[in-house]
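Down below is the structure, laid out as structure tokens.
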Amino acid sequence: MQLTVYLAGQIHDDWRREIKSKADEKQLPVTFVSPQENHALSDDIGEKILGDQPGQVERDDAASSINNFRTKILLNKSDAAIAYFGESYKQWNTAMDAGAAIQAGKPLILIRPESLVHPLKELSNQADVTVETIEQAIEVLAYLYE
């Protein structure tokens, strides 16, 4: 059984590469999709497609609508989602994507360190599974194949 899993979370470090590597090590038949990981392209896509915008607010709005379109399509085509909350970056997009996965009825694995238990308690309560590490999330996926 081949699964497609949407990887929701910040695009500033290599946590997705770690998930993909650990899934490969276990030979899990999983395809991963995600938001645009090229940060500059993500920020510039509105002007790249729609042309120069009159100001930063309009520039961000144009990029946001196109990035949200991408997220909606990829999330809806996914069988499940993993939302990763780390300690280093603000996590607004992660929370938005996790909420969208819940709203769409997608099974959700939420990864969050112990330090974020309190601020993520409601979201964690709505996730199907909450873990603290990437390794634990991979074990949840691996369990599907046992």
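These numbers come from a predicted model, not from an experiment.
Dense packing is recorded around NZ of Lys121, with more than 12 heavy atoms of other residues, nucleotides or ligands lying under 6.0 Å away. The 12-atom threshold is exceeded at CD of Gln2, counting heavy atoms of other residues, nucleotides or ligands nearer than 6.0 Å. Around CD of Gln27, the count of heavy atoms belonging to other residues, nucleotides or ligands within 6.0 Å does not exceed 12.
The OH atom of Tyr145 lies 3.5 Å from the CG atom of Leu3; values are rounded to the nearest 0.5 Å. Note that NZ of Lys77 and NZ of Lys106 are 9.5 Å apart. Values are rounded to the nearest 0.5 Å. For the atom pair CD1 (Ile49) and CG (Asp44), the distance works out to 11.0 Å, reported to the nearest 0.5 Å. Residue Glu18 holds its CD atom at 5.5 Å from CD of Glu135, rounded to the nearest 0.5 Å. Taking CG of Leu116 as the reference point, atom CD of Glu132 lies at 10.0 Å (rounded to 0.5 Å). Put simply, CD on Glu139 and CD1 on Ile134 are 13.0 Å apart, with the number rounded to the nearest 0.5 Å.
Between the Arg16 side chain and the Leu7 main chain, a donor and an acceptor come within less than 3.5 Å of each other. Formation of a donor-acceptor pair under 3.5 Å by the Arg112 side chain with backbone atoms of Glu87 is not found in this model. Side-chain atoms of Asn67 come within 3.5 Å of backbone N or O of Ala63 as a donor-acceptor pair. Counting only distance, with no hydrogens or angles, the side chain of Lys48 and the backbone of Leu41 share no donor-acceptor pair below 3.5 Å. Distance alone, capped at 3.5 Å, is enough to place a donor-acceptor pair between the Gln136 side chain and the Thr133 backbone. For Ser21 (side chain) and Arg17 (main-chain N/O), no donor-acceptor pair under 3.5 Å exists by modelled atom type. For the pair Gln53 (side chain) and Gly51 (backbone), a donor-acceptor distance under 3.5 Å is present. Counting only distance, with no hydrogens or angles, the side chain of Asp61 and the backbone of Val57 share no donor-acceptor pair below 3.5 Å. Here the side chain of Gln126 pairs no donor or acceptor atom with the backbone of Leu123 at under 3.5 angstrom.
Leu28 and Ile111 fall within a single hydrophobic cluster, where Ile, Leu, Val, Met, Phe, Trp and Tyr are joined by side-chain heavy atoms under 4.5 Å apart, directly or via other members. No continuous path of ILVMFWY side-chain contacts below 4.5 Å connects Leu110 to Trp92, so the two sit in separate hydrophobic clusters. By the rule that hydrophobic residues join a cluster once side-chain heavy atoms approach within less than 4.5 Å of another member, Phe32 and Leu144 end up as members of one cluster. Tyr143 and Met1 fall into different hydrophobic clusters, defined by Ile, Leu, Val, Met, Phe, Trp and Tyr side-chain heavy atoms under 4.5 Å apart, directly or through other members. The cluster map of Ile, Leu, Val, Met, Phe, Trp and Tyr, joined by side-chain heavy atoms under 4.5 Å apart, puts Val129 and Val30 in the same cluster.
Residue Ala137 comes nearest to Val131 through the heavy atom pair N-CG2, 3.8 Å, listed as atom of the first residue, atom of the second, then distance. Taking both residues in full, the closest heavy atoms of Ala101 and Leu108 are given as CB-CD1, 4.5 Å, listed atom of the first, atom of the second, then distance. Between Thr130 and Ser124 the shortest heavy-atom distance is OG1-OG, 2.7 Å. Closest heavy-atom contact between Leu120 and Phe85: CD1-CG, 3.5 Å. The minimum heavy-atom distance between Ala83 and Thr94, with the atom names listed, is CB-CG2, 4.0 Å.
At a threshold of 4.5 Å between non-hydrogen side-chain atoms, the residues Leu74 and Ser34 do not count as touching. The shortest distance between side-chain heavy atoms of Ile82 and Ile19 falls below 4.5 Å. Annotation: side chain of Lys26 is in contact with side chain of Ile138 (closest heavy-atom distance under 4.5 Å). With a 4.5 Å cut-off on side-chain heavy atoms, Asn93 and Gln10 do not count as touching.
With respect to Ser78, the side chain to side chain contact (heavy atoms under 4.5 Å, CB included) criterion is satisfied by exactly one of Ile73, Thr4, Val5: Thr4.
Ring planes of Trp15 and Tyr84: parallel class, angle under 30° (limits at 30 and 60°).
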Working note: Ile109 + Leu141, criterion side chain to side chain contact (heavy atoms under 4.5 Å, CB included); need CA distance, chi angles, decisive distance, verdict.
CA-CA 9 Å; Ile109 300 171; Leu141 288 179; 4.2 Å; yes

